[in-house]
Asker: 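Here you go, one structure.
Atoms within each ligand, like the ligands themselves, are counted from 1 in listed order. Every heavy atom of this structure was used, including side-chain atoms; hydrogens, water molecules and symmetry mates were not.
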Amino acid sequence: MKKSVKDYDLSGKKVVLRCDLNVPIKEGNILDDTRIKASLETINYILDNGGCCIILSHLGKVKEKSDLEKNNLYPVSVRLGELLNKEVKFLPNTRGDDVDSMAENLKPGEVMLIQNTRYEDLDGKKESGCDLELAKYWASLGDVFINDAYGTCHRAHASNVGICKFLPSGLGFLPSREIEKIDGIMNEDTHPFVVIMGGAKVSDKIKVIENLINKCDKLLIGGAMAYTFLRAKGYNIGSSILDADSIEFCKEMLDKYSDKIFLPVDSLVASSGDSDGFVIKNVSKFSDGDMGLDIGPDTVELFKNNLNGAKRIVINGTMGYYENDKFAGGTKAIYDYIIDNNIKTLVGGGDSAASVNKLSNPLKFYHISTGGGATLEYLEGKNLPGISAIDEKEEG
Ligand code: ADP
Ligand code: MG
């Protein structure tokens, strides 16, 4: 077990807190503040328990000078202050005398945010390359380090992994809950356990499939990914998205796990994703130029039959091009079935989570994981460096 923020006496402590405040910003305006809101729980816990917060976060990617201004964290400090209903002191730099003295003088109950940690990438990728001198500097600002940035836990950066070498550390509520929920469903010994995979590319998901196929009883494959599997079986898939490099992998999987894998039998077909209309076609009847954009009604029935009686479901990827309402029906039908039958279901992946928010009710699910890349790597069976680096709890 990893230590959590709750395992520390925070009274009078300066907490260096790594948050994921990586929100979409356009011309200084925050388009979606979900991540800022999600970080409030851990921040408020620290403040309510007598600590103060020195917050570190990345924002976007900084590769060249022109990336600096658009990835300035200042607007985030303003929004965070509004949500906390208190002043958030902002430092436009990532280190230096100003940062030192602000941290030095920070009082219990106060919050400061320093500039985007990835500003340090401009000069030799110090943040992303996990430069230990930088990590040591950030550690020098406080007494304890808390990592609440689940979305970057699959990365070993100075602000989440390096810093753990120099301070006692613990997890914030967001990563603690994510790990607890994912472990909770993966390690439970109940069956049937059904995995539903979809989304755009097989190659993004090969390692997830390889890890989950041995654990699950059935694997239902929809989304664009299904057409590469159908192509591997010899079907004409028209102009559907094909991941040619993965055909061999699909063949192997189909040979080895023919009894476990279920593919679509029909599709909603159009000439492109922007089409207003579509026709329903059996997957054996595609013509050149037909693009499969959602699973068809017979496939919805086939998938529901295979979900009947399931005790656990893990979903990664959507059943169709859900961004267009015309092709969102298959994905929605699966969510509706899960809710109606009250099946314990984990949804992981950025688009998958977005599709639940758009088409269904996230509160009806066991867990909607927010960390796209981090959750995918965790489902691949990998250790997440941002979690591994945190101090272990002494047992007993
Ligand atoms: P996640 O982000 O949850 O891991 P992916 O990014 O792999 O999921 O998959 C979601 C994306 O796949 C969405 O943008 C969706 O529109 C696209 N997609 C799913 N099915 C199709 C399809 N048949 N044709 C084109 N795009 C599709
Ligand atoms: Mg995606």
Asker: What about the rings of F365 and Y335, do their centers lie closer together than 6.0 Å?
Answerer: yes
Asker: In the single-linkage hydrophobic clustering (I, L, V, M, F, W, Y; side-chain heavy atoms under 4.5 Å), do V300 and I196 co-cluster?
Answerer: yes
Asker: Mind running side chain to side chain contact (heavy atoms under 4.5 Å, CB included) on M253 and I213 for me, showing each step along the way?
Answerer: CA-CA 9 Å; M253 297 307 283; I213 189 86; 3.9 Å; yes
Asker: Looking at D351, pick out the N, O or S atom nearest to the Mg ion (ligand 2) and give its name.
Answerer: OD2
Asker: When you measure from atom 3 (O) of ligand 1 to every protein heavy atom, which one gives the shortest distance, and what is it?
Answerer: S352 OG, 2.5 Å
Asker: Picking from Q115, H157, K125, R95, what satisfies side chain to side chain donor-acceptor pair (under 3.5 Å) with E120?
Answerer: R95
Asker: For ligand 1, which atoms, with element, lie under 4.0 Å from some heavy atom of A200?
Answerer: 7 (O), 9 (O), 12 (O)
Asker: Nearest heavy atom to atom 21 (C) of ligand 1 wins, so pick from A328, G372, A224, A354.
Answerer: A224
Asker: Considering the heavy atoms of K205, write down every atom of ligand 1 situated less than 4.0 Å from one of them.
Answerer: 4 (O), 5 (P), 7 (O), 8 (O)
Asker: Between the candidates P264, G320, A270, which shows the shortest non-hydrogen contact distance to atom 18 (N) of ligand 1?
Answerer: G320
Asker: Where on I241 is there a heavy atom closer than 4.0 Å to ligand 1, on the side chain, on the backbone, on both, or on neither?
Answerer: side chain
Asker: Are the charged groups of D325 and K332 less than 4.0 angstrom apart, N to O?
Answerer: no
Asker: Could you find the nearest protein heavy atom to atom 9 (O) of ligand 1 and give me its residue, atom name and distance?
Answerer: G199 CA, 3.0 Å
Asker: According to a hydrophobic-cluster definition based on side-chain heavy atoms being under 4.5 Å apart (Ile, Leu, Val, Met, Phe, Trp, Tyr only), do V88 and I43 belong together?
Answerer: yes
Asker: Regarding S267 and Y227, is there a side-chain donor-to-acceptor distance under 3.5 Å anywhere?
Answerer: yes
Asker: Using a distance threshold of 2.8 Å, state whether an N, O or S atom of D204 lies below it from the Mg ion (ligand 2).
Answerer: no
Asker: For ligand 1, which atoms, with element, lie under 4.0 Å from some heavy atom of G350?
Answerer: 1 (P), 2 (O), 3 (O)
Asker: Think K344 forms a cation-pi with Y366, using NZ or CZ under 6.0 Å from the six-ring centre and within 45 degrees of its axis?
Answerer: yes
Asker: Counting from 1, what ligand 1 atoms have a heavy atom of L293 closer than 4.0 Å?
Answerer: 23 (N), 24 (N)
Asker: Using heavy-atom distances only, which candidate in D351, V208, I295, T375 approaches atom 1 (P) of ligand 1 most closely?
Answerer: D351
Asker: Under 4.0 Å, heavy atoms only, figure out whether ligand 1 is touched by the backbone of E323, its side chain, both or neither.
Answerer: side chain
Asker: Within the structure provided, determine whether N49 and S11 are in side-chain contact (heavy-atom separation under 4.5 Å).
Answerer: no
Asker: Nearest non-hydrogen atom to atom 24 (N) of ligand 1 belongs to which of G273, G330, G292?
Answerer: G292
Asker: Would you sort out whether E180 and K2 count as a salt bridge (Lys or Arg N to Asp or Glu O under 4.0 Å), showing the intermediate values?
Answerer: CA-CA 11 Å; E180 188 187 307; K2 292 296 177 183; over 6 Å; no
Asker: Give a yes or no on whether the ring-centroid distance for F303 and F262 is below 6.0 angstrom.
Answerer: no
Asker: Short list, please: which atoms of ligand 1 are under 4.0 Å from a heavy atom of T318?
Answerer: 10 (C), 15 (C), 19 (C)
Asker: Under a 4.0 angstrom heavy-atom cut-off, which atoms of ligand 1 come close to G223?
Answerer: 20 (N), 23 (N)
Asker: List every atom of ligand 1 that sits less than 4.0 Å from any heavy atom of N316, numbering the atoms from 1 in the order shown and giving each element.
Answerer: 3 (O), 4 (O)
